[in-house]
Amino acid sequence: MTKADIWMNGEFVPFDDANVHVLTHAMHYGTSVFEGIRCYKTDKGSAIFRHPEHMQRQIDSARIYRMDLGYTREELEQAVIDTIVRSGLEACYIRPLSYRAMGPMGVNPYNNPVHTIIAVWEWGAYLGPEALEQGVDVHVASWNRMAPNTFPSMAKAGGNYLNAGLVKMDAVLSGFTEGIMLSVDGHVAEGSGENIFVVKDGVLYTAPVATSILPGITRSSIVRMAKDMGLEVREGLIPREALYIADEVFFTGTAAEVTPVRTIDHHVIGKGRRGEITERMQTAYFDIVHRGNDPYGWLTMVPVG
Ligand code: PPE
């Protein structure tokens with residue numbers, strides 16, 4: 001991993017010195033919010049995919065948790081760009097994180113200072129090198145997604161990933177690549193770090209935000225592009241068994257990009273390989289982030305090199 005300098009509260013700190021105290025509130029109580037963003041090396045130069053949307057979600061996550069970041073969205077966007085330029089990385093994964101720092105101990109985070117860091121590193125295919133073409137083998141997780149009005153799922157908060165970590169460990173220990181979580185009432189929600197789409201008879205289905213999913217930015221991009229291709233997209237409750245009889249299933253996420261699902265609970269999905277609509281959506285996505293064709297204005301160019 002490249003040891004790129006880390007932006008900490010407005011200053012660049014060498015990778016090895018970017019440390020926090022053991023009494024950091026977030027270490028004890030999970031009080032952090034973060035983003036995952038990709039900067040791609042497109043044919044037209046380095047570019048961040050949907051940068052303002054990601055930074056807005058960071059601000060929204062913070063707002064839900066009553067955290068005042070002390071920076072405007074524009075300032076955070078610029079800090080990300082500065083961090084990438086300084087790293088010299090033409091393509092990277094970007095991790096902005098805001099957390100309750102050391103201060104009063106105890107559950108109440110309100111009086112603890114809020115610190116923000118931005119780190120960048122190189123990150124390849126999230127679900128394995130073959131995943132984008134071959135698809136992944138997954139199961140339905142035994143852990144559910146959080147119930148509404150417990151943990152706010154619209155906030156991308158550190159604590160939410162305790163649940164995701166259980167799902168991922170279970171999947172991997174059982175020989176699968178990923179787990180699909182159901183909502184508390186048993187509807188398909190999402191993967192531990194990805195949203196999910198089900199394709200049946202040419203229609204794309206995806207879970208509504210009310211199933212306690214993270215409203216993914218890749219998800220919203222796929223919905224937009226599919227509609228513009230003339231495909232029908234329905235956001236609505238998906239029963240578990242609809243997964244098994246789907247023509248195609250795919251995951252979306254910043255890290256996972258557009259990854260086909262090959263089997264679920266040992267049921268072969270469709271023909272057992274990347275389906276036609278999955279491939280079309282993948283191609284459309286990669287046309288933007290690899291070729292640099294940007295009909296939606298989703299790329300922010302970064303002057304690297
Ligand atoms: N659901 C969850 C729970 C989730 O963590 C992500 C992103 C998504 C959906 C997709 O959201 P979006 O990236 O806006 O399309 N997961 C991030 C973290 C991965 C990690 O292991 O860390 C990511 O993809 O960056």
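Atoms within a ligand are numbered from 1 in the order they appear, just like the ligands themselves.
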A.B. asks: Before signing off on this row, confirm whether Y126 and ligand 1 have an N or O atom pair separated by under 3.5 Å.
C.D. replies: yes
A.B. asks: Quick one: do E276 and K271 make a salt bridge, cutoff under 4.0 Å?
C.D. replies: no
A.B. asks: Can you check whether G253 has an N/O within less than 3.5 Å of an N/O in ligand 1?
C.D. replies: no
A.B. asks: I need the nearest protein heavy-atom contact for atom 22 (O) of ligand 1: residue, atom name and distance, please.
C.D. replies: R95 NH2, 3.1 Å
A.B. asks: Taking the basic N atoms (NZ, or NE/NH1/NH2) and the acidic carboxylate oxygens, is any pair closer than 4.0 Å for R86 and D82?
C.D. replies: no
A.B. asks: What heavy-atom pair brings E190 and I213 nearest, and what distance separates the two atoms?
C.D. replies: OE2-CA, 3.4 Å
A.B. asks: Please check this pair: side chain of E248 against backbone of T278, looking for a donor-acceptor N/O pair closer than 3.5 Å.
C.D. replies: yes
A.B. asks: Considering only protein heavy atoms, which is closest to atom 1 (N) of ligand 1, and at what distance to one decimal place?
C.D. replies: E190 OE1, 2.6 Å
A.B. asks: Identify the protein heavy atom lying closest to atom 15 (O) of ligand 1, giving its residue, its atom name and the separation to 0.1 Å.
C.D. replies: T218 OG1, 2.5 Å
A.B. asks: Using a strict 4.0 Å cut-off to heavy atoms of I217, name the atoms of ligand 1 that fall inside it.
C.D. replies: 12 (P), 14 (O), 15 (O)
A.B. asks: Would you name the heavy atoms of R100 and Y65 that are closest together and state the gap between them?
C.D. replies: NH2-O, 3.9 Å
A.B. asks: For ligand 1, which part of E194 has a heavy atom less than 4.0 Å away: the side chain, the backbone, both, or neither?
C.D. replies: backbone
A.B. asks: Assess whether a salt bridge exists between E77 and R73, defined as any Lys/Arg side-chain N lying under 4.0 Å from an Asp/Glu carboxylate O.
C.D. replies: yes
A.B. asks: Below 4.0 Å from any atom of ligand 1, is there a heavy atom belonging to R57?
C.D. replies: yes
A.B. asks: Is there a path of hydrophobic side-chain contacts, each under 4.5 Å between heavy atoms, that joins I37 and Y285?
C.D. replies: no
A.B. asks: Give a yes/no verdict on a cation-pi contact between K227 and Y296, requiring under 6.0 Å between NZ or CZ and the six-membered ring centre and an angle within 45° of the axis.
C.D. replies: no
A.B. asks: Considering only non-hydrogen protein atoms, determine which one is nearest to atom 11 (O) of ligand 1 and report residue, atom name and distance to 0.1 Å.
C.D. replies: G216 CA, 3.5 Å
A.B. asks: So is there a nitrogen or oxygen of A255 less than 3.5 Å from a nitrogen or oxygen in ligand 1?
C.D. replies: yes
A.B. asks: If you count the atoms of ligand 1 from 1 in the order shown, which ones are under 4.0 Å from a heavy atom of G36?
C.D. replies: 25 (O)
A.B. asks: Within the structure, does G193 bring an N/O atom to less than 3.5 angstrom of an N/O atom in ligand 1?
C.D. replies: yes
A.B. asks: How far is atom 17 (C) of ligand 1 from its nearest protein heavy atom, and which residue and atom name does that atom have?
C.D. replies: K156 NZ, 3.3 Å
A.B. asks: Show the atoms of ligand 1 that are less than 4.0 angstrom away from any heavy atom in S192.
C.D. replies: 3 (C)
A.B. asks: Closest heavy-atom contact between G36 and Y93?
C.D. replies: CA-OH, 3.1 Å
A.B. asks: Taking atom CZ of R273 as the centre, report whether more than 12 heavy atoms of other residues, nucleotides or ligands fall under 6.0 Å from it.
C.D. replies: no
A.B. asks: How far is atom 13 (O) of ligand 1 from the closest protein heavy atom, and which atom is that?
C.D. replies: T254 OG1, 2.6 Å
A.B. asks: For atom 25 (O) of ligand 1, which of the options Y161, W123, Y93 provides the nearest non-hydrogen atom?
C.D. replies: Y93
